[in-house]
Every structure is written in C-alpha cells, then in structure tokens.
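Notes to accompany the following structure.
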Amino acid sequence: MADMGGAGPGSHVDGDSSVDDSSYDDNNYVDGSALAGPLSEVFAVDICTAISQCTGCGRIGEVAQLRVYASDAGYVARCPGCEQVILRVVRTPTHVWLDVRGSVALRFPVA
C-alpha cells in the first residue's frame, strides 16, 4: 500500500481501535461472504466472487472462502489453507482502510 502518513490498518485512527490480528480464536470465524457489506462502499462489484492468491501458501480461491474474523474495529480475512492474513478492512467515520498485502492479487469477474 502507498504511504498513508503513518496511519492505516494496525494504527490508531480517528479514535477507533485498530484491528489486532495477532491473536484470534481459530474457531470463531465466518466465511468471506461477511466482507460483502463492508466492502460494498468501496467496490462496485461483489467482492465475494473475486479470486485471491495467498502470499503464504499460494492457495487460489474466492474471497467468499476466506475465514473472516470480525470485531468492532474491523475485519481480518485469513487463508483457510495456511491461516496467512489475506486482507484487513477497517472503517472509520471518514475512511475505509483496505490492506491486501497478504494476497498476490485480487481478480474480479466482469460482465
């Protein structure tokens, strides 16, 4: 991601807590479809049908197949194969932060 002036996922922004992905309960997740609502403000396409490739294990699959851990601060999506963090989403009152450094790329289908 480009330089965000010291702010971004993992930083304290606009008074909101950051998404802490350093500890998580492996049994307390939902599938990647949970990202459809939060990311509908950013993408004009259904994010759940996008294809991602994990930078950790190389697994390729739909975003809907990711394991999503949600909190009041945001969402952390992990690879179901190796548990690498694929993406993070944090929404503040003024911005949506999207960190996709755990994915080689996101591929979206077009009509």
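- Residues satisfying the side chain to side chain contact (heavy atoms under 4.5 Å, CB included) test with Ala64, not counting sequence neighbours, are Ser33, Cys48, Glu62.
- A pairwise comparison of heavy atoms in Cys54 and Val104 identifies O-CG2, 4.2 Å as the closest pair.
- With sequence neighbours excluded, the residues forming a side chain to side chain contact (heavy atoms under 4.5 Å, CB included) with Leu106 are Ile47, Ser52, Val63, Val100, Ser103, Phe108, listed by chain and number.
- Nearest heavy atom pair, residue Ala73 against residue Val90, reads O-CG1, 3.6 Å.
- Looking at every heavy atom in both residues, Leu66 comes nearest to Cys79 through CD2-CA, 4.2 Å.
- Atom OH of Tyr69 sits about 8.0 Å away from atom CG of Asn28, to the nearest 0.5 Å.
- Atom CG of Leu87 sits about 6.0 Å away from atom CG of Leu98, to the nearest 0.5 Å.
- A distance of 10.5 Å separates CZ of Arg78 from CZ of Arg67, quoted to the nearest 0.5 Å.
- Counting only heavy atoms from C-beta outward, the side chains of Gln53 and Arg107 never approach each other to under 4.5 Å.
- Pairing each heavy atom of Gly32 with each of Val68, the nearest pair is CA-CG2, 3.5 Å.
- What you find for Gln84 and Gly102 is that their closest heavy atoms are NE2-CA, 4.1 Å.
- The hydrophobic cluster containing Ile60 does not contain Val85, counting ILVMFWY residues as joined when their side-chain heavy atoms lie under 4.5 angstrom apart, directly or transitively.
- Summarising the geometry, atom CD1 belonging to Ile86 is positioned 9.0 Å from atom CZ belonging to Arg59; distances are rounded to the nearest 0.5 Å.
- Between Thr55 and Arg101, every side-chain heavy-atom pair lies at or beyond the 4.5 Å cut-off.
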